[in-house]
Amino acid sequence: MQGPASFRPKPGSIPESPGVYRFRDAGGRVIYVGKAKSLRQRLNSYFADFAGLHPRTQTMLTTAAGVDWTVVGTEVEALQLEYSWIKEYDPRFNVKYRDDKSYPYLAVTMGEEFPRVQVLRGAKRKGTRYFGPYSHAWAIRETVDLLLRVFPIRSCSSGVFRRAAQIGRPCLLGYIDKCSAPCVSRVTPAEHRALAEDFCDFMAGNTGRFIRRLEGEMRRAAAEEEFERAARLRDDVQALQRAMEKQAVVLGENIDCDVVALVDDPLEAAVQVFYVRAGRVRGQRGWVVDKVEETGPGELVENFLLQMYGEAAPEALPREVLVPALPPDAGALAELLSERRGARVEIRVPQRGDKKSLMETVERNAKESLNQHRIRRASDLTTRSRALQEVADALDLDQAPLRIECYDVSHLQGTNVVASMVVFEDGLARKSEYRRFSVRSAEGDVASIHEVISRRFKRYLEERSATGELDAGPEAGPGDGPDAGTGGGPALPGTADGAGTGAPAAPDAGPEPAPGIDPETGRPRRFAYPPNLVVVDGGPAQAAAAQRALDELGVDDVAVCGLAKRLEEVWLPGEDLPVILPRSSEALYLLQRVRDEAHRFAIAYHRSKRSKSVRESALDEVPGLGPARRQALIKHFGSVKRLREATAAEIREVPGIGPATAEAIVSALKGENPA
């Protein structure tokens, strides 16, 4: 495998000017485009310490076979050139945002002789004005239905329009006054275009003048006793007001901004945007991106804004863009957007007030979008099957690991050490079989993993021995199992139709229970089923500890691996180098979900145990000191801190506290043995 040393530029050949660089593979294809304030400093960072780079960057460099660059004058020019090259080459290692769904827009085809209002999705067309995007198409149709009372522009298709012109009779909308019927020349092309422009002005936020105009006409009609016309104008005003009410008011009337929020994990990121015009949320849109390289929030924001506004019309750019983190070159990016808009554009991070509250709302939407994306990805049967097979191929397993158990240890500076066991069957979580452990060893994570794996598989061997599947294995002492009360009784592993782990299912009838089934309750024994794969949260030391525990028990049919969180490396016991899974692989996505679930479950147990220990006082250890006298002590001194500072003589002043008890209290608060 070639390395970056094979194409490293000669020392001193890279200029110190700002510019844009391209990495190419052996076939000459551009695989990565980047920009830099100083090309020399940026490119030297790729070649200085290859081992210290992130694995994703290492993958890009080992794929590349050459690098070239172009010098520009300013950082703004670098941004422009970087964006144009990304659009031209579509490099595989650059971040690419994709819609998490196809959002509908309200579109007005101003490029046609008779503009038409309609709902459109997908790529934007030249000569068409767009408003939105909206979450649902029905929301657009409701708005259009209200506005056509006041702005009766064409909404029919080209075929319907031509047919009406041929027969000389308008469609139904023309008869109910929701279309000005340009097809039969009720209005001229100029008059119809004026209606379309008024419609666009109203949708763009210039609502006040239309309502004031209609109210003035309504009052004049009432004064002239044209009551039917006045009633019609009143209904038109109410229709415009209802259309405005459908868009929530969140900020001041003169505020135009886009609110961008993002939520990310090591593999993916979700972005949500709220479009605020004239203080109202006019639309919402979301994107999901696979993180191919190590990217922070600032870089994600910069890449997103470049892709979002790169080809946007000038009127689509707001005066202000609110972001969760400033891009590295915020000033240059703001200057580039200002040039494109033709007016100043500010990029800011909201700190307080209504804008900060709105940012939090958008962030909640981004979190929900990422969660929904994960659920869709995890629930897809084909994707799960591919993930399990990729895990088997990467770890050189004989078959796909249909039952995976993952273990994680949680503690705070060696106190309240606990561990979790989560179970995934056929790529889905089986929460009924989750278990948690109170770890007795205080010698570190490696010893804790060894203890937990030993306790789990001792119980497994006991269960097999009880069913007669093998001779009695190593004895598991009392309390070797996990803590009780951790999520209900376990269910038979496998999918809903009984397939999945290869474990024998309970028979429909017969005097003898199936192996692993409790003959008294008919339910599966707690540890009757072994996993195909044990995953531990950690690196080579944790994986080796788990394998050592299995070897000591004579369990040789369970595979083991460790998943290191920092670099997402998969470690196999006894191997000097990790298995690096592709960042976009379903196998890594599955292992990461399993590891994160074990981490979450362990932390939840640790927090509950820690909060319980916090509630316990050192006074609980004093013999003969009951709740009433403890309460009297706290009431007398006001706090445990002041009680700790008191002498034995001062403590004896509390009613019911004798000399021996006072001395025991002083010893307990000093950390000594009160006995």
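Predicted, not measured: the structure shown is a model, and the values here were computed from it.
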Peer 1: If we ignore hydrogens and angles and just use 3.5 Å, is the side chain of E302 paired with the main-chain N or O of P327 as donor and acceptor?
Peer 2: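 No, the answer is negative, given that no donor and acceptor are paired below the 3.5 Å cut-off.
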Peer 1: Is it the case that the side chain of S338 and the backbone of V345 share a donor-acceptor pair, with hydrogens and angles ignored and the cut-off at 3.5 Å?
Peer 2: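 Such a contact is found between S338 side chain and V345 backbone.
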Peer 1: Step through the shown structure and confirm whether more than 12 heavy atoms of other residues, nucleotides or ligands are within 6.0 Å of CZ on R600.
Peer 2: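 Atom CZ in R600 is crowded, with more than 12 foreign heavy atoms closer than 6.0 Å.
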Peer 1: So do the side chains of P115 and M110 get within less than 4.5 Å of each other, counting heavy atoms only?
Peer 2: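 They are in contact (side-chain heavy atoms under 4.5 Å apart), so the answer is yes.
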Peer 1: Could you check whether any side-chain heavy atom of T128 comes within less than 4.5 Å of a side-chain heavy atom of V108, counting everything from C-beta outward?
Peer 2: no
Peer 1: Any cation-pi pair here, R340 with Y309, using under 6.0 Å and within 45°?
Peer 2: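 Ring-cation test returns no.
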Peer 1: Main chain of C156, side chain of R116: is a donor-acceptor contact present, judged purely on distance under 3.5 Å?
Peer 2: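 Answer holds: yes.
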Peer 1: Any side-chain heavy atom of R364 sitting closer than 4.5 Å to one from T361?
Peer 2: yes
Peer 1: Checking R341 side chain against L317 main chain: does a donor-acceptor pair fall under 3.5 Å?
Peer 2: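 Yes; at least one donor-acceptor contact below 3.5 Å.
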Peer 1: Hey, is the main chain of P318 close enough, under 3.5 Å, to the side chain of E320 for a donor-acceptor pair?
Peer 2: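 A pair under 3.5 Å: no.
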Peer 1: Using side-chain heavy atoms (C-beta onward) and a distance below 4.5 Å, is M308 in contact with R285?
Peer 2: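 Contact flag for M308/R285 side chains = no.
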Peer 1: Minimum heavy-atom separation for P182 and H192, please, with both atom names.
Peer 2: CG-CD2, 3.6 Å
Peer 1: If you define the side chain from C-beta out and look only at heavy atoms, does anything of F304 sit under 4.5 Å from L262?
Peer 2: no
Peer 1: Shortest non-hydrogen contact from L388 to G427?
Peer 2: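 Heavy-atom minimum between the residues: CD1-N, 4.2 Å.
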Peer 1: Measure across E113 and P189 and return the closest heavy-atom pair with its distance rounded to 0.1 Å.
Peer 2: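 Shortest heavy-atom separation between E113 and P189 comes out as OE2-CG, 3.9 Å.
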Peer 1: Where is the tightest heavy-atom contact between A181 and P170, given as atom of each residue plus distance?
Peer 2: CB-CB, 4.0 Å
Peer 1: Please give me the minimum heavy-atom distance between P350 and K356, naming the atom from each residue.
Peer 2: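 Closest approach of P350 to K356, heavy atoms only: O-CD, 3.6 Å.
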Peer 1: Under a 4.5 Å cut-off applied to non-hydrogen side-chain atoms, are F274 and L322 in contact?
Peer 2: no
Peer 1: To the closest 0.5 Å, what do you measure between CG (D596) and CD (Q592)?
Peer 2: 5.0 Å
Peer 1: Tell me the closest heavy-atom pair linking G34 and E82, and the distance in Å.
Peer 2: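 Where G34 meets E82 most closely, the heavy atoms are CA-OE2, 4.0 Å.
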Peer 1: Between V301 and I347, is there a side-chain heavy-atom distance shorter than 4.5 Å?
Peer 2: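 SC-SC contact between I347 and V301 ruled out.
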Peer 1: Under a 3.5 Å distance rule, please check whether R154 uses its side chain to pair with a backbone N or O of F114 as donor and acceptor.
Peer 2: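 Judged by distance alone, yes, a pair lies under 3.5 Å.
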Peer 1: Are any non-hydrogen side-chain atoms of K431 and E597 less than 4.5 angstrom apart?
Peer 2: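 They are in contact (side-chain heavy atoms under 4.5 Å apart), so the answer is yes.
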